[in-house]
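In this chain, numbering begins with 1 at the start of the sequence shown. Every number for a ligand or one of its atoms is a count from 1 in the order of the listing.
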Amino acid sequence: MNIQRAQIINLNQVGDDRGTLIVIEGSKDIPFEIARIFYIYGVEKNVVRGKHANRNSAFLFINISGSSKVKVDYGNTTEIYELNKPNIALFVPKMVWKDMYDFSSDSVLMVLSDKKYDETEYIRNYNDYLKEVMGAFE
Ligand code: TYD
């Protein structure tokens with residue numbers, strides 16, 4: 001299995017003396033068409049969310065307010081990204097294990113996905129995830 005890496009995308013800021021505006025058009029500013037948007041806020045400091053991988057869905061994470069960290073895990077290596085600006089997005093491809101944590105009290109983490117919600121494509125057990133990605137490292 002070929003697992004793509006996460007990557008930071010710098011979103012274009014349209015600013016003038018009235019403030020700043022950011023546009024996200026599917027398949028133009030980000031590498032997929034948008035099927036779903038959700039956002040996470042009001043998370044206590046010590047809470048870890050996510051703790052899953054998705055067999056089919058890719059995601060784009062943006063802290064449109066405050067900050068949080070996203071740890072991505074490919075099975076054999078991990079990376080930690082701090083998201084703290086509304087113009088910084090983290091693209092996370094399918095089949096990557098994700099933890100979101102260290103939410104600031106003002107954190108609003110917006111998440112875009114290329115797929116509608118389907119619980120059956122979630123892998124919520126880390127050992128199951130390792131088994132499914134194992135083929136990539138053999
Ligand atoms: P969960 O996957 O635990 O959130 P996180 O990725 O932040 O840890 O989802 C929390 C609840 O919300 C769970 O009952 C499933 C539901 N949910 C949806 O119905 N649709 C969605 O798009 C998402 C992301 C979650």
Q: For the backbone of A6 and the side chain of Y74, can you confirm whether one donor and one acceptor N or O come within less than 3.5 Å of each other?
A: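 Yes; judged by distance alone, with no hydrogens or angles, the pair exists.
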Q: Restricting to salt bridge (Lys or Arg N to Asp or Glu O under 4.0 Å), what partner residues turn up for R36, sequence neighbours left out?
A: none
Q: Are R55 and E132 close enough for a salt bridge, meaning some N to O gap below 4.0 Å?
A: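 E132 and R55: salt-bridged.
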Q: Give me the pairs of N or O atoms, one from ligand 1 and one from the protein, that sit under 3.5 Å apart.
A:
residue, atom, partner, partner atom, Å
ligand 1, 2 (O), R124, NH2, 3.1
ligand 1, 4 (O), R49, NH2, 3.3
ligand 1, 6 (O), H52, NE2, 2.8
ligand 1, 7 (O), R49, NE, 2.8
ligand 1, 7 (O), R49, NH2, 3.1
ligand 1, 8 (O), G50, N, 2.7
ligand 1, 22 (O), R36, NH1, 2.4

Q: Is K115 salt-bridged to E33, cutoff N-O under 4.0 Å?
A: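 Salt bridge flag = no for E33 with K115.
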Q: Of all residues at least two apart in sequence or in a different chain, which pass the side chain to side chain contact (heavy atoms under 4.5 Å, CB included) check with I9?
A: Q7, L11, P31, L60, A89, F91
Q: Taking side chain to side chain contact (heavy atoms under 4.5 Å, CB included) as the test, write out the residues that go with D16, two or more places apart.
A: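 Counting only residues at least two positions away or on another chain, D16 forms a side chain to side chain contact (heavy atoms under 4.5 Å, CB included) with R18.
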